[in-house]
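These notes concern the structure reproduced below.
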Amino acid sequence: MPELPEVETTRRRLLPLLQGKPLLRVRHQDPGRYRHTERAEGARLLDLGRRGKFLLFALSGGLEMVVHLGMTGGFRLEATPHTRLTLEFPSLLLHFHDPRRFGRLWVVERGDYREIPLLGRLGPEPLSEGFQLEGFLQGLRRSAKPLKALLLDQTLAAGVGNIYADEALFRARLHPLRPAQELSPGEGERLYRALREVLAEALALGGSTLSDRTYQQPDGRPGSFQERHAVYGREGLPCPACGTPIRRQVVAGRSTHFCPRCQG
DNA sequence: CAATCCACCTGTTCGC
DNA sequence: TGCGAACAGGTGGATT
């Protein structure tokens, strides 16, 4: 669900609310999903970072609380019927809302990600200085996967999910099934630029909130990038560039939306 | 190694 | 109206 723009928006909203405050208690009833939470009780929140779709709460005492929001997770200032866990700060309760319970949380020694899948082997942050064209093109050349599958696997760039993979491929005018290693350098560069642009624009608009409103900022406000989706969730509607009906097809097990003409 | 299912969960929307 | 099917922002594991 939440992809880089939504997770980063969450980070930016939460940090000023929490920085410097002690985490008094962590309440939940699911030690299988929310691991070692007792370790965090009494620690102070020093900083809040992000890697890909993971939120990284730096805590005093050399600890770190790592959260993955899964498909439907999000932090709210008000409790909901799907509150699964509550972080208690002085005069502030932060509720983890997660209807499908795909979200996970771990408290670990800072930087020790051995029990956290994926986090230790994420690719570069696509909006950082470290995300360079040369490395991106190399990553494309090394993979025979369809572009859509490669964009989703978090190694080429961290934080890209189903919405932004589809939107980036549309902007780059590339078919989702094109094998990555067959791209020309020019096509690879189009994808590199499209990916950065889409993610940056979405972030500037607070991410995408779909009709089910699963993703909201902690104060309940929606994002607005959904109004700019060219292909995602628009099966049968006209392509904004050429008017051809947008097609939906399952690729890499996920619904994939594209313009058969522009991305032919 | 890679592509394909299935699993994990719950809720909403769609088609008949 | 009712009911089952399809589908949903993610990821990991088993199977082939």
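So you know, we letter chains A, B, ... as the sequences are listed, proteins then strands, and number each from 1.
- Between Ile246(A) and Pro238(A), every side-chain heavy-atom pair lies at or beyond the 4.5 Å cut-off.
- Residue contacts shown for Tyr164(A) are absent, as no nucleic acid heavy atom lies under 4.0 Å away.
- Comparing dC7(C) with dC6(B), their P atoms are spaced 14 Å from each other, to the whole Å.
- What separates CD of Glu115(A) from P of dT11(C) is a distance of 18 Å, to the nearest Å.
- Here the CZ atom belonging to Arg27(A) is positioned 11.5 Å from the CG atom belonging to Leu87(A), to the nearest 0.5 angstrom.
- Among the heavy atoms of the strands, none lies under 4.0 Å from Arg104(A).
- Distance from the side chain of Lys145(A) is smallest for dA3(B) among the nucleotides dG9(C), dG12(C), dA3(B).
- With salt bridges taken as basic N to acidic carboxylate O contacts below 4.0 Å, none links Arg173(A) and Glu187(A).
- The nucleotide whose nearest atom lies closest to any side-chain atom of Phe102(A) is, among dT11(C), dG9(C), dC8(B), dC8(B).
- Annotation: dA6(C) and dC5(B) have their P atoms spaced 15 Å apart (nearest Å).
- Note: CD1 (Ile116(A)) to C1' (dT11(C)) measures 14 Å, nearest angstrom.
- With respect to the salt-bridge test (charged N to carboxylate O, under 4.0 angstrom), the residues Glu197(A) and Arg193(A) do not qualify.
- Atom CD in Glu3(A) sits about 8 Å away from atom P in dG9(C), given to the nearest Å.
- The interatomic distance linking Phe54(A) (CZ) with dG10(C) (P) rounds to 12 Å, in whole Å.
- Nucleotide dA8(C) holds its C1' atom 7 Å from the OH atom of Tyr232(A), rounded to whole Å.
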**Report entry** Protein proximity profile, nucleotides 11-16 of chain B - base contact B, sugar-phosphate-only contact S, no contact -, cut-off 4.0 Å on heavy atoms
**Finding:** S-----
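- In this structure, Leu122(A) places its CG atom 9 Å from P of dG12(C), rounding to the nearest Å.
- Residue Arg121(A) is in sugar-phosphate contact alone, with no base atom involved, counting any heavy-atom pair closer than 4.0 Å across all strands shown.
- Between Lys145(A) and Asp153(A) there is a salt bridge, since at least one side-chain N of the basic residue sits less than 4.0 Å from a carboxylate O of the acidic one.
- Between Arg254(A) and dA8(C) there is no side-chain polar atom (N or O) within less than 4.0 angstrom of OP1 or OP2.
- Here the CG-CZ distance, from Leu56(A) to Arg51(A), works out to 8.5 Å after rounding to the nearest 0.5 Å.
- Base-pairing analysis of DNA chain B finds the following stems of at least three consecutive Watson-Crick or G-U pairs, with both pairing distances under 3.5 Å: B:2-8 with C:10-16, B:10-16 with C:2-8.
- Taking the P atom of each, dA7(B) and dA5(C) are spaced 16 Å apart, rounded to whole Å.
- A gap of 23 Å separates the P atoms of dT12(B) and dT11(C), to the nearest Å.
- Using a 4.0 Å heavy-atom cutoff across all strands shown, Leu210(A) reaches at least one base atom of the nucleic acid.
- Classification of Glu8(A) and Arg12(A) as a salt-bridged pair holds, one side-chain N sitting under 4.0 Å from a carboxylate O.
- The aromatic rings of Tyr164(A) and Phe225(A) lie tilted to each other, with the angle between the two planes from 30° to 60°.
- As rounded to the nearest Å, dC14(B) and dG9(C) have P atoms that lie 15 Å from one another.
- The side chain of Arg101(A) has dT10(B) as its nearest neighbour among dG9(C), dG12(C), dT10(B).
- Using a 4.0 Å heavy-atom criterion, one finds that Ser255(A) contacts the sugar-phosphate atoms exclusively.
- Rounded to whole Å, atom P of dA8(C) lies 11 Å from atom CD1 of Ile163(A).
- Salt-bridge formation is not detected for the pair Arg110(A)/Glu64(A): no Lys NZ or Arg NE/NH1/NH2 atom is positioned less than 4.0 Å from an Asp or Glu carboxylate oxygen.
- Arg33(A) has its CZ atom 7 Å from the P atom of dT10(B), to the nearest Å.
- Below 30°, between 30° and 60°, or above 60°: for Phe96(A) and Phe75(A) the angle between ring planes is between 30° and 60°, a tilted geometry.
- For the P atoms, the distance linking dG4(C) with dC9(B) amounts to 23 Å, nearest Å.
- At least one side-chain heavy atom of Leu63(A) sits less than 4.5 Å from a side-chain heavy atom of Glu109(A).
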